[in-house]
Amino acid sequence: MYVEKFEGLNKSDIGIAGGKGANLGELTQAGIPVPPGFVVTAQSYEKFMNEAGINDKVMSILEELDVNDSSALNKAADKIKKIIIDSPIPEDLTITIREFYNELCQRVGEDDADVAIRSSATAEDLPEASFAGQQDTFLHVSGDEDVIRYIKECWASLFEGRAIFYREENNFEHSKVLIAVVVQKMANADKAGVMFTVNPSTGEEIALIEGSWGLGESVVSGDVTPDNYQVDKKDNKIINVTISDKKVMYTNDEKGTSIKVDVPEDMRNQRVLSDEELVELTEMGKRVQAHYGEPMDTEWAFENNHLFLLQARPITTLGDGPNNDDDAASDLGDVLVRGLGASPGMATGNVKIILDIDELNKIQDGDIMVTTMTTPDMVPAMKRASGIVTDEGGVTCHASIISRELGIPCVVGTGDATTTLKENTGVTLDGKKGLVFEGISQTKEEAVNVVAGNVEAAPIITVTEVKANVSMPEAAEKAAATGADGVGLLRTEHLMLTSGIHPGKFIADGREDELIDTIADNVQIVADAFYPKPVWYRTLDAPTDEFITLEGGENEPREHNPMLGWRGIRRELDQPEILKCEFKAIKKLHEKGYTNIGIMIPLSQSPEELKKAKALCSEVGFEPHKDVDFGMMVEIPAAAIMIDEYIKVGIDFVSLGTNDLTQYTLAVDRNNEFVAKHYTEEHPAVMKLIERTIKKCAEAGVTCSICGQAGSVPHIVEKLVGYGITSVSSNADAIADVRKTVARAEQKIILDAARKRLE
């Protein structure tokens, strides 16, 4: 598959179409208005690199490179890009691209359709990393010769210095990151911008919308401080409108080329979006979030009063950054500049003003970077800074996105920070309120510690344990810092997805030891962070649509409904060699002293499956209940109803996966926009299954936890504590609130019991 229309792609096709292309296909199939187009797939890039004989040349240059040497990095990048641009594209591929472009021209009724050529790397727009601005986009391209030329330019941009550095810093192997190219009809926007379907800093359920005149490039690049709007998603009530002075915009010249121009004087302070347009955008945002089942970061455009969506991706930074205490910064002294709070937290340091890319070496560890607007080339210096302040930009610009991803406090859209703040003077910035204060006094440093959560409060003690859900090793340290009582769910799937190799391929290639080490090394990071607190490792629950993109995943079956398909323990018992490798990995860690790790199996519908899994564990010399605690997820109604039978077979612990349990009980796909409104963990049938499981486990002395979304809902948590649940496991950012809820619920039980005795 070398070229594919949007209509033939969906969100599981990241390995084919990259993050951007896969999501444009998903949106198209969901009926969201998207300008039409096609994707020159990652396999086309591979074909080009291999047939041109340049892949080994490129990788050898990278192997010898020190990415922290800026000069060497840029020289290597230029050398690699020249190799790619000077190499010919295979003729059969060129013919195919021409055919698809000509078909697109016919479809939109233009001889040489005006298109955008957009990079779409296979490690782009992922849940854990945005890769914001790492590869290139080319606007207003027309004619098949130029389309082919700029496709090659996009391929070459995979090796921009900034992109090479970003991959190294985020531990993505260069050889595993491929690039697809989106060719899409240009939306000649009158107004455009970005919409988060929740507040990206707080997670609050509002639509946060930014917009400016012309193409959206001015907003995402940070060239302009856009209007900022907030809409309550419950009733579409507009709760905040901030109109900015929009100085520049991107539009077309007479030749159809995108150019940056000054905004006409009478439009600079004019409101971009009407109330009606804000409601239309919010409704689309709700529709997209319901379809994906998670908060989304989207790009939109209005062309001749018609709304189009140009991109959608999961929000990669939700819940990152410390909580600000609203009062802690109130007495920090004189405010020097004001802007928009783009990445929460407090930071202190000496001001370093950056007006040119050549000045980045001025930034030392702990400095405050002050610049007009950041670019992707500035990321290495941003990582050294303790805070970022910009003249331009909104909360969805490059500086904001990268700062949130790095966990650095950031203030954008100040208008005059580069001229008002003085080089090498000490300042304190509040990344939530968007304020920069004069000086770094002892009082201010103490305030920063309070706001950043560095001053310990009296711990809340609860009998019911509060644990963390962990999806990737990189998040373990942050989760452990919350004081969580252990890990109630350590998912395996991410370990496989980031390795880039299908576990079955390890087995097929005779590389079982490598698979065991991959699992063990990653799990050890989590076990280390929490030791000696318990860590419950869930064995592989691999839906076929997620693993099809991995190397060796081409033989994955294409299932009509993967959620009800070949996944969980049913699949692992069909592929016992993979499951045995997982058991061997945990055994290896136990032998190294990490006896705090327990094993639980996912998606079981029969006690026979539990028996077979335990037998396989015994086969590798690792005895359940004797050598290792062995448990199971309860996420199918059958498991909840038959929990007595599972207890007879023998389990040390149970974890309720309420997300799946709710879907399976109610026959509701929460990612389906047409029925998502019927999804609720509080349905009486779901709550009865939960209550039954908890009480049966309590009677048998089996530890019982919950790791689904219901464990973060306060009034549900109160019921769970009343039922006698042993622990509640939630995402790291919710642990403090869940612990408070658990404490209140326990106190209520004690008080109620005391009142009854008095009666």
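Counting from 1, the numbers follow the sequence of the chain as shown.
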Under 3.5 Å, side chain of [X] to main-chain N/O of [Y], donor-acceptor pair present?
| X | Y | value |
| --- | --- | --- |
| K286 | K233 | yes |
| N469 | C707 | yes |
| H590 | I597 | yes |
| R570 | S604 | no |
| E635 | D660 | no |
| N10 | E26 | no |
| R491 | R538 | no |
| R739 | G483 | yes |
| K614 | V649 | yes |
| D485 | V466 | yes |

Closest heavy-atom pair and its distance - [X], [Y]:
| X | Y | value |
| --- | --- | --- |
| A639 | Y646 | CA-CE1, 3.7 Å |
| A180 | A42 | CB-N, 3.7 Å |
| E582 | I519 | CG-CD1, 3.8 Å |
| A527 | Y594 | CB-CD2, 3.8 Å |
| A520 | K588 | CB-CD, 4.3 Å |
| V470 | A479 | CG2-CB, 4.2 Å |

Any donor-acceptor N or O pair under 3.5 Å, side chains [X], [Y]:
| X | Y | answer |
| --- | --- | --- |
| S618 | E623 | yes |
| T539 | E572 | yes |
| T197 | Q289 | yes |
| Y679 | D669 | no |
| E746 | T464 | yes |

Test side-chain contact (heavy atoms from CB on, under 4.5 Å) on V288 and L27 and set out the steps.
CA-CA 8 Å; V288 171; L27 292 169; 4.2 Å; yes

Pairing of [X] and [Y] as salt bridge, 4.0 angstrom limit:
| X | Y | result |
| --- | --- | --- |
| E691 | K695 | yes |
| R692 | D644 | yes |
| K580 | E619 | yes |

Rounded distance (nearest 0.5 Å) linking atom [atom1] of [X] with atom [atom2] of [Y]:
| X | Y | atom1 | atom2 | answer |
| --- | --- | --- | --- | --- |
| I32 | N23 | CD1 | CG | 12.0 Å |
| M296 | R313 | CE | CZ | 9.0 Å |
| F630 | I586 | CZ | CD1 | 11.0 Å |
| S729 | L656 | OG | CG | 11.5 Å |
| I690 | T662 | CD1 | OG1 | 6.0 Å |
| T492 | N522 | OG1 | CG | 10.5 Å |

Taking salt bridge (Lys or Arg N to Asp or Glu O under 4.0 Å) as the definition, give me every residue that meets it alongside E591, ordered by chain and number, with sequence neighbours left out.
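E591 satisfies salt bridge (Lys or Arg N to Asp or Glu O under 4.0 Å) with K587 once adjacent residues are dropped.
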
Indicate yes or no: at least one non-hydrogen side-chain atom of [X] is less than 4.5 angstrom from one of [Y].
| X | Y | result |
| --- | --- | --- |
| D629 | I599 | no |
| W536 | L490 | no |
| L603 | R571 | no |
| R511 | I501 | yes |
| I725 | V728 | yes |
| P314 | P295 | no |
| L579 | I569 | yes |
| S705 | F653 | no |

Working for side-chain contact (heavy atoms from CB on, under 4.5 Å), residues V702 and D652:
CA-CA 6 Å; V702 173; D652 296 305; over 6 Å; no

Audit row: L661, T665, side-chain contact (heavy atoms from CB on, under 4.5 Å) steps and yes/no:
CA-CA 6 Å; L661 183 62; T665 303; 4.0 Å; yes

Would you say that more than 12 heavy atoms from the other residues, nucleotides or ligands in this model lie under 6.0 Å from the NZ of K612, or not?
no

Starting from the C-alpha separation in whole Å, work towards a yes-or-no answer on side-chain contact (heavy atoms from CB on, under 4.5 Å) for E512 and E577.
CA-CA 9 Å; E512 291 91 341; E577 294 309 313; 5.6 Å; no

